[in-house]
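Take a look at the structure below.
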Amino acid sequence: MLERITKGITGASIFLACYFLLNIALRLTLPHTLDLDEAEQSFFSQYLLAGYNEQPPFYNWMQYAVVSVTGISMWAISVPKNILLFSCYLFYGLAAREVLKNRSLAAVAMLSLITLPQVGFLAQRELTHTVALLFASSLFLFGFFRTLQRPTLGSYLVIGIATGIGLISKYNFVILPFAALMAVLPNREWRSRLFDWRLLVAIVVAILIILPHALWLPDNLARASASTLKRMAAKDEAAAGLPRIGQGLLAFIIAVLGFVALPIVLFSATFRRDFFRALSSSGPMIRVIERMMAISLLAVLSLVFIGGASDIHERWLDPFLLVLPLYLFLKLQSSGFDLSAGLARFRPVVPVFMVIILLILLIRIVGVQYVGYTRTNVPISGFAAELTADRKPVLIVASDKYLAGNLRLELDVPSAMPFFAGSGVPEYAQAKGPVLVVWRGKTPDDKAIPPDFAADLEASGIHLQELNTLTLPYLFGDDKHLFSIGYSWVEGGAK
């Protein structure tokens with residue numbers, strides 16, 4: 001059956017669509033408490049802004065568009081993400097079909113994306129902006145390979161659209177089109193693609209897509225970069241010079257190995273001697289991909305030596321190493337070996353990975369007593385029921401995006417944070433009715449409000465009278481592990 005499914009992109013796409021429908025069903029079945037990235041989307045989907053925080057706005061714009069039509073719900077959070085992930089696999093398959101002669105091999109290459117932990121598991125677990133990055137990267141690979149093989153205005157437009165979306169999905173995407181351009185230069189035949197008038201059309205399209213955010217960025221550069229620079233910095237603030245470079249190099253090596261290890265182990269286990277013999281295979285497209293990956297990784301590595309980065313995350317390598325499974329299949333195809341036995345062993349890996357991923361997504365929530373508590377186990381529905389037993393707020397003012405997004409989803413009322421540009425004072429000043437102010441509590445008996453949040457509330461004209469606390473056990477946990485929130489009711493309208 002698997003062999004029939006993987007005979008072409010269409011069958012593999014239907015198979016993947018069923019898998020993502022299962023992911024949606026599982027997410028809707030599990031508690032509707034949102035993880036951090038999901039809660040952020042729930043909160044930001046109230047606003048259409050040129051920029052929001054340290055992340056570019058593409059996913060926020062998409063989420064805003066969906067919620068504007070459907071309203072806020074778990075469906076509105078889960079379905080767009082899975083559609084974007086499915087599209088990532090689909091365009092990856094189309095990219096594979098451009099460079100792999102065997103349609104069955106292209107279909108298997110498409111499905112093999114699930115063997116990349118950053119794509120198969122982490123993107124499904126909680127990430128949002130990275131999902132948009134993966135989609136843009138696959139779309140770019142499709143347009144890029146199509147342009148090299150069969151250049152048309154449409155293929156250049158795909159490059160432009162993918163580049164625009166990528167740049168407003170994650171800032172590190174900028175390295176991918178640069179690496180692709182540099183990788184093509186040594187090839188005499190394909191170099192002409194860079195001097196085609198249609199490339200100007202692609203550039204114009206990309207500029208139009210990024211223009212609103214590009215105009216916002218110069219005045220908000222500190223907000224857009226502060227969080228990333230903090231994550232890149234050495235954990236040991238005293239480290240400098242060679243020690244910091246050493247930390248960065250080690251982190252870079254670990255990140256690369258963490259990204260490539262699993263697919264390489266699987267390829268070597270299923271294709272065996274053919275895989276190792278195929279590693280010496282080469283060809284024009286193989287060399288282009290090798291140069292792309294090498295240039296991209298050197299650009300990331302330059303952050304260690306020039307930028308002082310000492311902490312490199314695996315997901316930062318997503319757009320640069322996403323092409324790895326396709327590259328390995330291209331090596332195998334170029335070797336000329338009979339791959340039927342290896343493909344027969346590789347195909348069952350895909351459904352096994354699917355089942356394992358679904359089980360992990362389930363167990364990490366319902367098995368918290370054994371694997372540890374997650375943000376999704378916070379009893380937001382219980383808090384909402386307790387807090388609104390006597391009255392329902394017209395506005396929620398929260399200390400962070402996690403509470404603001406979750407309570408917005410649960411109560412279906414606007415939420416605000418007083419220190420976020422675009423929310424806070426305007427909503428509170430216009431509120432006609434009770435306003436619920438909430439913050440994360442430290443202990444069940446501690447009613448103290450965080451000093452920074454208290455200062456923000458005062459600056460916004462929100463004066464709290466009675467401080468309260470509410471504590472409930474985590475979902476699927478025991479009575480010993482508790483989550484506390486502080487809250488206060490005030491009347492809307494600035495004084």
Side-chain angles (χ1 to χ4, degrees), residues 91-103 105-106 109-110 112-113 136-167 172-206 256 260 263-264 267 275 277-302 317-337 339:
F91 284 110
Y92 195 84
L94 294 175
R97 195 167 66 178
E98 292 297 323
V99 298
L100 296 173
K101 299 174 183 177
N102 188 314
R103 293 297 177 91
L105 205 60
M110 171 186 181
S112 70
L113 263 188
S137 300
S138 285
L139 185 62
F140 179 86
L141 291 176
F142 168 56
F144 178 62
F145 293 145
R146 182 67 176 260
T147 299
L148 293 185
Q149 303 281 33
R150 295 174 289 167
T152 63
L153 179 59
S155 69
Y156 278 97
L157 284 174
V158 171
I159 290 177
I161 293 169
T163 300
I165 292 175
L167 290 174
N172 63 333
F173 181 88
V174 69
I175 297 174
L176 182 60
F178 170 76
L181 183 151
M182 298 301 293
V184 169
L185 282 176
N187 187 292
R188 181 179 301 177
E189 177 188 354
W190 291 337
R191 194 185 305 146
S192 62
R193 308 288 193 266
L194 304 178
F195 303 100
D196 193 306
W197 67 269
R198 291 170 291 192
L199 183 60
L200 292 176
V201 177
I203 293 172
V204 170
V205 169
V256 172
V260 307
I264 288 178
F267 272 77
F275 173 72
R277 290 189 294 170
L279 291 178
S280 60
S281 301
S282 189
M285 188 62 73
I286 290 175
R287 288 190 289 272
V288 164
I289 294 175
E290 288 172 344
R291 288 192 290 266
M292 281 177 61
M293 291 192 290
I295 294 168
S296 299
L297 293 178
L298 284 173
V300 175
L301 194 58
S302 69
L317 307 178
D318 283 348
F320 322 130
L321 296 181
L322 187 72
V323 73
L324 178 65
L326 193 158
Y327 166 73
L328 295 178
F329 276 112
L330 189 57
K331 283 267 189 181
L332 287 165
Q333 176 184 267
S334 300
S335 69
F337 300 139
L339 303 177

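Each residue takes its place number in the sequence, starting with 1. Please read all numbers here as calculations on a predicted model, not as lab measurements.
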Would you find a donor on one side and an acceptor on the other, under 3.5 Å apart, between the side chain of [X] and the backbone of [Y]?
{"X": "Gln149", "Y": "Glu98", "result": "yes"}
{"X": "Tyr92", "Y": "Leu322", "result": "yes"}
{"X": "Trp190", "Y": "Val184", "result": "no"}

Does any part of the side chain of [Y], heavy atoms only, come nearer than 4.5 Å to the side chain of [X], both counted from C-beta?
{"X": "Met292", "Y": "Leu141", "value": "yes"}
{"X": "Leu105", "Y": "Leu332", "value": "no"}
{"X": "Ser137", "Y": "Asp318", "value": "no"}
{"X": "Ile289", "Y": "Leu324", "value": "no"}
{"X": "Met285", "Y": "Phe145", "value": "yes"}
{"X": "Val201", "Y": "Tyr156", "value": "no"}
{"X": "Leu330", "Y": "Tyr327", "value": "no"}

Residue pairs fulfilling salt bridge (charged side-chain N to carboxylate O under 4.0 Å, His left out) with at least one residue in residues 181-196, sequence neighbours excluded: Asp196-Arg198
For residues 284-298, the salt bridge (charged side-chain N to carboxylate O under 4.0 Å, His left out) pairs (sequence neighbours left out) are Glu290-Lys331
When rounded to the nearest 0.5 angstrom, what is the spacing between [atom1] in [X] and [atom2] in [Y]?
{"X": "Ile159", "Y": "Arg146", "atom1": "CD1", "atom2": "CZ", "answer": "11.5 Å"}
{"X": "Leu113", "Y": "Met110", "atom1": "CG", "atom2": "CE", "answer": "8.5 Å"}
{"X": "Thr163", "Y": "Leu139", "atom1": "OG1", "atom2": "CG", "answer": "8.5 Å"}
{"X": "Leu194", "Y": "Leu185", "atom1": "CG", "atom2": "CG", "answer": "5.5 Å"}
{"X": "Ile286", "Y": "Ser334", "atom1": "CD1", "atom2": "OG", "answer": "3.5 Å"}
{"X": "Ser192", "Y": "Asn187", "atom1": "OG", "atom2": "CG", "answer": "9.0 Å"}

Is the Phe267-Phe329 ring centre distance short of 6.0 angstrom? yes
So which atom in [X] and which in [Y] form the shortest heavy-atom distance, rounded to 0.1 Å?
{"X": "Ala95", "Y": "Leu326", "value": "C-CD1, 4.0 Å"}
{"X": "Ala96", "Y": "Ala109", "value": "CB-CB, 4.0 Å"}
{"X": "Val288", "Y": "Ala183", "value": "O-CB, 3.5 Å"}
{"X": "Ile295", "Y": "Met182", "value": "CD1-CB, 3.5 Å"}

Parallel, tilted or perpendicular: which fits the ring planes of Phe140 and Phe173, with parallel below 30° and perpendicular above 60°? perpendicular
Residue list, side-chain hydrogen bond (donor to acceptor under 3.5 Å, both in side chains) with Thr147, at least two apart or on another chain: Ser155
Could you go through the side chain to side chain contact (heavy atoms under 4.5 Å, CB included) check for Val99 and Leu148 one step at a time? CA-CA 10 Å; Val99 298; Leu148 293 185; over 6 Å; no
Go through it in stages, so that I can follow the logic: the residues are Phe320 and Asn172, the test is side chain to side chain contact (heavy atoms under 4.5 Å, CB included), and I'd like the CA-CA distance, side-chain angles, deciding distance and then a yes or no. CA-CA 10 Å; Phe320 322 130; Asn172 63 333; 4.2 Å; yes
